[in-house]
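Notes for the one structure printed next.
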Amino acid sequence: MNASSISRFAPSPTGRLHLGHAFSALCAHDLARAKGGHFLLRIEDIDPTRCRPEHVAGILEDLRWLGLAWDGEVVFQSKRLPLYAAALDRLKAMGLVYPCFCTRARIAAEIAASAAAPHGPDGPLYPGICRGLGEDERAARIAAGEPHAWRLDIAQAIAQAGRLAWCDSGGGEIAATPEIHGDVVLARKDAPTSYHLAVTVDDAAQGVTDVVRGEDLFAATHVHRLLQALLGLPVPCYHHHPLLTDDKGERLAKRAGSPTLAAMRAEGVDAGALVERLRERFSFPFRGGG
Ligand code: GLU
């Protein structure tokens with residue numbers, strides 16, 4: 001697809017969409033349309049334990065109700081696993097990923113036993129238990145069928161990639177500090193990829209020029225920027241929008257019982273008026289997360 005701007009909405013079908021999703025989709029849609037570009041829809045359904053086909057149908061229904069038409073075919077990450085495997089293989093060949101056999105309990109015990117466990121944006125960092133395993137032990141445990149994830153050796157990866165930055169609307173040039181995440185998982189035990197790897201590969205493969213998403217994902221961009229550098233992928237512009245909150249300042253996504261778009265539709269809410277109200281909340285450029 002060749003266009004001046006290509007943006008995407010990339011929901012995970014783990015539940016019904018709510019107003020926060022509508023806002024995100026609308027931001028991505030309007031940004032592309034304002035530049036005469038394309039708006040893509042990608043279903044991020046790599047988590048077999050949480051994604052449900054009925055939620056995919058719900059997402060399509062909700063977007064149609066809002067009047068947000070996407071361009072081209074809907075892309076499903078679950079159908080693109082060989083692409084992610086190929087990217088992981090490249091990182092394996094570069095010696096930048098290692099198998100991690102740890103259970104959650106093992107990691108938690110190690111963290112509890114350490115005097116000062118470093119924390120990242122998503123909680124305590126992986127304490128590196130499997131990083132130092134020898135090649136023979138790794139190979140033997142894999143051959144024995146022991147379940148394992150694949151982690152990025154973040155220090156090695158940064159050493160190889162050097163200094164990196166990305167452009168965030170409103171925030172200008174942001175220096176990438178992927179070390180804040182520690183050795184992130186790039187392929188899970190229960191899924192052959194992870195959010196970080198799949199989203200980075202797909203944004204490049206789909207020619208996305210403008211990544212529009214909530215500022216809750218701002219920190220993840222540090223990892224995505226590093227993966228782009230390692231895999232030789234183009235760097236899109238990022239637009240991390242503020243998250244919608246209720247009167248008490250609580251995030252809609254987190255609030256228990258936050259009304260879904262389906263419920264609003266059932267109550268007879270007018271989609272056109274809703275979209276216009278959401279548009280009034282826009283303040284491009286977004287203020288650049290942190
Ligand atoms: N699939 C992610 C989510 O639903 C969003 C991914 C992204 O926009 O990068 O939270």
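We count residues from 1, following the sequence as given. Atoms within each ligand, like the ligands themselves, are counted from 1 in listed order. Everything numeric in this text was worked out from a predicted model, so none of it was measured.
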Would the His148 and Tyr98 ring centres measure less than 6.0 Å apart?
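No - the distance between ring centres of His148 and Tyr98 does not fall below the 6.0 Å cut-off.
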State whether Asp71 and Arg33 are salt-bridged, where the test is any N-O pair (Lys NZ or Arg NE/NH1/NH2 against Asp/Glu carboxylate O) under 4.0 Å.
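Salt bridge flag = yes for Arg33 with Asp71.
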Determine yes or no for a side-chain-to-main-chain donor-acceptor pair under 3.5 angstrom, with Ser194 supplying the side chain and Val185 the backbone.
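Answer holds: yes.
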Can you tell me if Asp183 uses its side chain to pair, donor with acceptor, with the backbone of Asp153 under 3.5 Å?
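Looks like no, no N/O pair under 3.5 Å.
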May I ask you to identify the nearest protein heavy atom to atom 10 (O) of ligand 1, giving residue, atom name and distance to one decimal place in Å?
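Its nearest protein heavy-atom neighbour is Leu217 CD1, 4.2 Å.
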Tell me whether ligand 1 is touched by Tyr195 - counting only heavy atoms on the residue side and a distance under 4.0 Å.
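Yes; Tyr195 lies near enough to ligand 1 that a heavy-atom distance drops under 4.0 Å.
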Should His21 be listed as contacting ligand 1, given a heavy-atom distance under 4.0 Å as the test?
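Judged by the 4.0 Å heavy-atom criterion, His21 does not count as contacting ligand 1.
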Enumerated ligand 1 atoms positioned under 4.0 Å from heavy atoms of Ser12
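With Ser12 as reference, the close atoms of ligand 1 come out as 1 (N), 2 (C), 3 (C), 4 (O).
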Contacting atoms of ligand 1, where contact means under 4.0 angstrom from a heavy atom of Val199:
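Under 4.0 Å from Val199, ligand 1 has these atoms: 9 (O).
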Count the heavy atoms belonging to other residues, nucleotides or ligands that lie under 6.0 Å from CZ of Arg279, then report whether that count exceeds 12.
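Yes, the 6.0 Å shell around CZ holds more than 12 heavy atoms from other groups.
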Part of Val211 within contact of ligand 1 (heavy atoms, under 4.0 Å)
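For Val211, there is no contact with ligand 1 at all, from either part.
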Shortest reach to atom 6 (C) of ligand 1 by a heavy atom, considering only Arg213, Glu44, Arg8
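The nearest heavy atom belongs to Glu44.
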Regarding ligand 1, does Ala10 bring an N or O atom to under 3.5 Å of one of the ligand's N or O atoms?
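Yes; the residue has a nitrogen or oxygen that sits under 3.5 Å from a nitrogen or oxygen of the ligand.
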side-chain hydrogen bond (donor to acceptor under 3.5 Å, both in side chains) partner of Gln206, the single match among His38, Arg42, Arg8:
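So the option named by the test is Arg42.
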